[in-house]
Colleague: 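Let me begin by handing over the structure; questions about it come next.
Side chains are part of it too, since the values below use all heavy atoms of this structure and drop only hydrogens, waters and symmetry mates.
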Amino acid sequence: MAGAWQKLSTLSENRVIVAGRRRQALDETTAANPGMISLTLDVEDPGSIRSFAAELATHYPALNVLINNAGIMRAERLQSSTKISPTRNPWSPPTCWAHPSHRGAPALLQRQPHSAIMNVSSGLAFVPMARTPTYCATKAALHSYTQSLRYQLQGSTTEVLELIPPYVATHLMNGASDPRAMPLEAFLAEVMEILKTQPEAVEICVENVKRLRVAAESGRYDSVFRGLNEAMGRASI
C-alpha cells in the first residue's frame, strides 16, 4: 500500500474532476483551469450521491484518486438554545462511497492497479477550538473513520491517506485575512513535497500542525488546548 500515491503522481497525464453543490462556483473553477471537469454533488441528498457515483462509473472508469474535502465551520454558543450547526462534516466525504447503497466509487478505485483515497480532516480533530465544537468533533470522527477504512482496505490496491491541515488562510471562518493563518500557497507546497518525498506517510502533516497532532502523545495536551483557545480568543458567536 505504501507509495501508491507516489506511483500515481508519476503518471504523465491526470484528469481532474471537481464536485460541489454550487454550479456557479464550479463553472468559475473550470473556467480558470482549462481541462478540469466539474460535476454537481450535494452530499446531503442521497439521490445526488447515487447519481454522482453512477456518472463516475459510466463516464470516468479510470478514476484512481478520490480526495474528500467537504464541510462547514461555524461558531456556536452551546449554552444558548440556538440550533447548532448541521453535522455535515464527518459523513459528507465518506458518504459517497461508504454507505452500503453508494459504493460505486470504492469499487471503481479498486479496479485500478494503484489508487488512493485522501480524507481531509484538521488539526482541530486532535485539539479542539472551543468556539467551533461541532466542526472539531466531526473532524475527530473523520479521523477515526479514516483509520478504520485504512485497516479494512489493507492489502488492496487502494491507499488511504489523511491530510491534516493547520489553520490555513482560506475563507473558512474568515481565515483568508488572518495573519496568524498559514498562507495557502505555502501549505500546498509543503503538502506536495511530503507526498513526493515521504511515500510511507499515511498522515500528511505540515510542520505547522504537528503541535496539535502530537499534543496528547507528547503529554502537552492541556497546555496546547489552553494556548490554542486563548490565542484564538472568545470572539462573539
Side-chain angles (χ1 to χ4, degrees), residues 2 5 67-78 84-94 116-151 159-237:
W5 184 277
I67 301 176
N68 296 306
N69 181 30
I72 54 177
M73 185 178 192
R74 293 176 180 165
E76 302 166 282
R77 189 179 296 279
L78 297 180
I84 66 170
S85 300
T87 56
R88 181 184 304 166
N89 292 317
W91 309 125
S92 56
I117 294 170
M118 177 184 284
N119 289 337
V120 182
S121 62
S122 170
L124 298 180
F126 303 91
V127 180
M129 183 167 68
R131 48 189 299 257
T132 57
T134 299
Y135 176 85
C136 299
T138 57
K139 288 299 187 180
L142 182 55
H143 168 68
S144 174
Y145 190 100
T146 302
Q147 290 182 305
S148 296
L149 179 66
R150 183 181 300 121
Y151 188 86
E159 182 175 9
V160 178
L161 306 177
E162 181 177 358
L163 175 59
I164 307 175
Y167 183 27
V168 179
T170 69
H171 293 293
L172 196 67
M173 291 290 287
N174 300 315
S177 58
D178 192 336
R180 297 172 297 182
M182 183 178 185
L184 179 59
E185 295 78 7
F187 170 68
L188 293 175
E190 191 171 345
V191 167
M192 295 308 297
E193 184 64 18
I194 293 171
L195 290 172
K196 291 176 182 177
T197 62
Q198 300 179 36
E200 75 290 346
V202 295
E203 292 185 358
I204 311 304
C205 299
V206 300
E207 287 299 321
N208 281 15
V209 82
K210 289 182 179 179
R211 181 174 65 98
L212 300 180
R213 175 61 185 91
V214 303
E217 293 93 320
S218 65
R220 301 182 62 246
Y221 181 87
D222 289 342
S223 62
V224 173
F225 175 82
R226 184 173 59 255
L228 168 68
N229 285 283
E230 289 176 353
M232 297 308 291
R234 298 184 52 132
S236 90
I237 54 178

Colleague: Identify the two heavy atoms, one from Ala181 and one from Ala169, that lie closest to each other, and give their separation to 0.1 Å.
Modeller: CB-N, 3.5 Å
Colleague: Please assess Glu190 against Asn208 for the test side-chain contact (heavy atoms from CB on, under 4.5 Å), listing each intermediate value before the final yes or no.
Modeller: CA-CA 10 Å; Glu190 191 171 345; Asn208 281 15; 5.6 Å; no
Colleague: Find the distance between OG (Ser218) and NZ (Lys210) and round it off to the nearest 0.5 Å.
Modeller: 13.0 Å
Colleague: Kindly indicate whether the side chain of Lys139, heavy atoms from C-beta on, has any atom under 4.5 Å from the side chain of Tyr135.
Modeller: yes
Colleague: Measure the shortest side-chain to side-chain distance between Met232 and Met173 over non-hydrogen atoms and say whether it is less than 4.5 angstrom.
Modeller: no
Colleague: If we ignore hydrogens and angles and just use 3.5 Å, is the side chain of Asn229 paired with the main-chain N or O of Pro128 as donor and acceptor?
Modeller: yes
Colleague: Quick one: do the Tyr167 and Asp178 side chains pair a donor with an acceptor below 3.5 Å?
Modeller: yes
Colleague: Got Val191 and Val206 here, is their nearest side-chain heavy-atom distance under 4.5 Å?
Modeller: yes
Colleague: Does the side chain of Thr146 come within less than 4.5 Å of Ser121's, by heavy atoms?
Modeller: no
Colleague: How many angstroms lie between atom CE of Met73 and atom NE2 of His171, to the nearest 0.5 angstrom?
Modeller: 15.5 Å
Colleague: For a quick test of reading the model, state the closest non-hydrogen atom pair linking Val209 to Pro165 and the distance between them.
Modeller: CG2-O, 3.5 Å
Colleague: Roughly how far apart are Phe225 CZ and Glu230 CD, rounded to 0.5 Å?
Modeller: 10.0 Å
Colleague: Any side-chain heavy-atom pair from Arg213 and His143 closer than 4.5 angstrom?
Modeller: yes
Colleague: Before accepting this row, confirm whether a basic side-chain N of the pair Lys196/Glu193 lies closer than 4.0 Å to the acidic partner's carboxylate O.
Modeller: no
Colleague: Please round to the nearest 0.5 Å and tell me the distance separating atom CG of Leu163 and atom CD1 of Ile67.
Modeller: 8.5 Å
Colleague: Does Leu161 reach the side chain of Leu195, with side-chain heavy atoms less than 4.5 Å apart?
Modeller: yes
Colleague: Looking at side-chain heavy atoms only, is the closest gap between Thr132 and Arg74 below 4.5 Å?
Modeller: no
Colleague: On a heavy-atom basis, which atom in Glu159 and which in Ala201 lie closest, and how many Å separate them?
Modeller: OE2-O, 4.2 Å
Colleague: With a 4.5 Å limit on heavy-atom distance, are the side chains of Leu212 and Pro166 in contact?
Modeller: no
Colleague: Rounded to the nearest 0.5 Å, how far apart are CG of Asn119 and CD1 of Ile164?
Modeller: 11.0 Å
Colleague: What pair of heavy atoms forms the shortest contact from Leu184 to Thr170, and how long is it?
Modeller: CD1-CG2, 4.3 Å
Colleague: Closest heavy-atom contact between Phe126 and Tyr221?
Modeller: O-CE1, 3.2 Å
